[in-house]
2 protein chains.
Amino acid sequence: MKTSFSYEGIKKKGYKVTRQREIILDILRKANVHLSADEIYIKAKSRSPGIGLTTIYRTLEMLYNLGYVNKYDFGEGRARYELNDTMVETCKHHHHLVCLRCNRVIDYTDFVPQETELITKTISGISRKYGFKVQTHIIQFYGICKECQKRKNKNGRL
Amino acid sequence: MKTSFSYEGIKKKGYKVTRQREIILDILRKANVHLSADEIYIKAKSRSPGIGLTTIYRTLEMLYNLGYVNKYDFGEGRARYELNDTMVETCKHHHHLVCLRCNRVIDYTDFVPQETELITKTISGISRKYGFKVQTHIIQFYGICKECQKRKNKNGRL
DNA sequence: TTGAAAATGAAAACCAGTTTCAGTTACGAG
DNA sequence: CTCGTAACTGAAACTGGTTTTCATTTTCAA
Ligand SMILES: [Zn+2]
Ligand SMILES: [Zn+2]
Ligand SMILES: [Zn+2]
Ligand SMILES: [Zn+2]
């Protein structure tokens, strides 16, 4: 555990830097997918077998309250987490494409031209119209991914 | 229960029109907010005390599979449902502003012009780049509503 | 070094949602 | 209008993710 770049923010808020939290943060930092609490637990256990699932949840909540992780619901009945760009400079803000057939989630950061600009304008428009101060947003497109389009349509709403 | 305008779609798919389903549909039709399964259950029970929560869940799932209701997660740990515009002509497609302090959810249908442009361009961009066929989307802005901005900031991430 | 506040892990509790199953109902074929 | 059957129902048990409880341990500023 060498990179201590973000621990200051944690200490400043009165939270303590523990071995468990270092491990969880490291796992999140290295992940390039959205992890569930349970997936983090498995990974953490292999490094520190005594760690408890409760600690995973508590740490994720702390990081969420600090605004360091995003928490997503892709309709699987459990949350998924990822460090956001306030924490990791390599993690760029992105949106999601969720396949309704295979449940795969595609992140995309390479927004179509003008998308970023349009979002900025939309946010300021919302602020003007509704007096609502936007902090974050979630944009998810649901549909059928390229691979699934090749397969035969099975039952369901798809 | 007079309005039977949408029951044909249900029958056509091999589902039966039962008294319970009529009640649930009627509750959804009259609601002007997003209801949770439990809230629907309370309302339904006052009309038909014998109704079971299981039936609420099963009916909502059926309606979701038929594409008649939208299912949302606003981070409360339970789903919320509403009839969409395929079912109710008065219900227009909308996006959400979720207040992080008071948890109120504001629907808005009068998008700022840039927002409509954003959606159109993004969907066609996604189709071109990823071969992803978009069916629906969810756009939620999280922040602080007008009323809460007047109040003092308490602890938390806000 | 040390003490108070914070964090930990195990176990139990919690709770939205699902499954099971025996009895009931809708509804189309006849 | 029967009738048979597939669909539907409600109660109860169950599931699985998340939270709470509590006794013990750890962090870290003074
Ligand atoms: Zn964005
Ligand atoms: Zn797919
Ligand atoms: Zn939209
Ligand atoms: Zn508010």
Side-chain angles (χ1 to χ4, degrees), chain A residues 1 4 7-25 27 34-66 69 71-81 103 155-156, chain B residues 1 4 6-25 34-66 69 71-81 103 155-156:
Chain A
M1 218 75 52
S4 62
Y7 298 155
E8 286 317 311
I10 292 174
K11 281 189 181 173
K12 231 161 241 163
K13 286 276 184 174
Y15 296 111
K16 292 176 178 174
V17 176
T18 64
R19 196 171 50 85
Q20 292 92 328
R21 288 176 177 175
E22 290 182 297
I23 290 172
I24 294 168
L25 260 173
I27 289 168
H34 320 83
L35 295 174
S36 66
D38 199 63
E39 286 166 354
I40 294 167
Y41 178 53
I42 305 292
K43 286 174 189 284
K45 233 176 153 55
S46 74
R47 288 209 221 168
S48 176
I51 202 168
L53 181 54
T54 316
T55 300
I56 310 293
Y57 278 108
R58 280 191 285 230
T59 299
L60 288 171
E61 197 198 349
M62 176 197 74
L63 293 172
Y64 180 75
N65 286 335
L66 287 170
V69 304
K71 186 176 179 180
Y72 295 107
D73 173 77
F74 297 123
E76 317 166 275
R78 58 179 172 174
R80 291 193 168 272
Y81 303 82
N103 294 313
N155 55 3
Chain B
M1 220 72 54
S4 63
S6 52
Y7 297 155
E8 285 319 308
I10 292 174
K11 281 188 181 174
K12 229 161 241 162
K13 285 278 185 175
Y15 296 112
K16 291 177 180 175
V17 177
T18 65
R19 196 171 52 84
Q20 292 91 329
R21 287 176 179 176
E22 290 182 297
I23 290 172
I24 294 168
L25 261 173
H34 319 82
L35 295 173
S36 67
D38 200 62
E39 287 166 351
I40 295 167
Y41 179 54
I42 305 290
K43 285 174 189 282
K45 234 176 153 54
S46 73
R47 287 208 222 169
S48 176
I51 202 167
L53 181 54
T54 317
T55 300
I56 311 292
Y57 279 110
R58 280 191 285 230
T59 300
L60 288 171
E61 197 197 349
M62 178 196 74
L63 293 172
Y64 181 73
N65 286 335
L66 287 169
V69 304
K71 187 177 179 180
Y72 294 107
D73 174 76
F74 296 122
E76 318 165 275
R78 59 180 170 172
R80 291 192 169 271
Y81 303 83
N103 294 312
N155 56 2

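Because the structure is predicted, anything quoted here is derived from the model rather than measured. Lettering follows sequence order; numbering is per chain, from 1.
- Note: NZ (B:Lys45) to P (D:dT9) measures 15 Å, nearest angstrom.
- Per the geometry, CD belonging to B:Glu22 stands 14 Å off C1' belonging to D:dC8, to the nearest Å.
- The CD atom of A:Glu61 sits 10 Å away from the C1' atom of D:dT18 (whole-angstrom rounding).
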Enumerate, atom names and distances included, each donor-acceptor pair closer than 3.5 Å involving a side-chain atom of residues 54-61 of chain A, sequence neighbours excluded.
{"from": "A:Thr59", "atom 1": "OG1", "to": "A:Thr55", "atom 2": "O", "distance (Å)": "2.9"}

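- Looking at A:Tyr81 and A:Leu63, their side chains never come closer than 4.5 Å, going by heavy atoms from C-beta outward.
- Each of B:Lys45, B:Lys43, B:Glu39 was evaluated against B:Tyr41; a single residue qualifies, B:Lys45, per the side-chain hydrogen bond (donor to acceptor under 3.5 Å, both in side chains) test.
- Taking atom CG on A:Asp73 and atom C1' on D:dG17, their separation rounds to 12 Å, with Å as the unit.
- Atom pair A:Ile56:CD1 and D:dT18:P shows a separation of 12 Å (rounding to whole Å applied).
- To the nearest 0.5 Å, atoms CD (B:Glu22) and CD1 (B:Ile10) are separated by 9.0 Å.
- By the side-chain hydrogen bond (donor to acceptor under 3.5 Å, both in side chains) test, A:Lys71 is found to be paired with no residue, residues two or more places apart in sequence or in another chain being considered.
- Between B:Gly14 and B:Ile51, the residue anchored closer to the 5' end of DNA chain D is B:Gly14, taking for each the nucleotide with the nearest heavy atom.
- Between A:Arg80 atom CZ and D:dG17 atom P the separation is 11 Å, expressed in whole Å.
- Where B:Tyr81 and B:Arg58 meet DNA chain C, the nucleotide closest to each residue was compared, and B:Tyr81 sits on the side nearer the 5' end.
- Note on B:Leu53: nothing from the nucleic acid sits closer than 4.0 angstrom, heavy atoms only.
- Under the side-chain contact (heavy atoms from CB on, under 4.5 Å) criterion, B:Ser48 pairs with B:Arg19, B:Ile23, B:Ile51, not counting sequence neighbours.
- Of all nucleotides in DNA chain C having an atom under 4.0 Å from a heavy atom of chain B, the first and last in 5' to 3' order are C:dA16 to C:dC27.
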Run the numbers on B:Asn103 and B:Glu76 for side-chain contact (heavy atoms from CB on, under 4.5 Å), then give the verdict.
CA-CA 9 Å; B:Asn103 294 312; B:Glu76 318 165 275; over 6 Å; no
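- With values rounded to the nearest 0.5 angstrom, A:Arg80 atom CZ is found 8.0 Å from A:Phe74 atom CZ.
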For nucleotides 27-30 of chain D, list the nitrogen or oxygen atoms of the protein found under 3.5 Å from its nitrogen or oxygen atoms, one pair per line.
{"from": "D:dT27", "atom 1": "O2", "to": "A:Lys16", "atom 2": "NZ", "distance (Å)": "2.7"}
{"from": "D:dC28", "atom 1": "OP1", "to": "A:Val17", "atom 2": "N", "distance (Å)": "2.9"}

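- A:Asp73 and A:Arg78 get closest at one heavy-atom pair: OD1-O, 4.3 Å.
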Output field dot_bracket for DNA chain D (Watson-Crick or G-U, both distances under 3.5 Å, | for other-strand pairs) contains ||||||||||||||||||||||||||||||
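- Between D:dT18 and A:Tyr57, a contact under 4.0 Å exists linking OP1 or OP2 to a side-chain N or O.
- Rounding to the nearest 0.5 Å gives a distance of 7.0 Å between CD1 of A:Ile40 and CD1 of A:Ile27.
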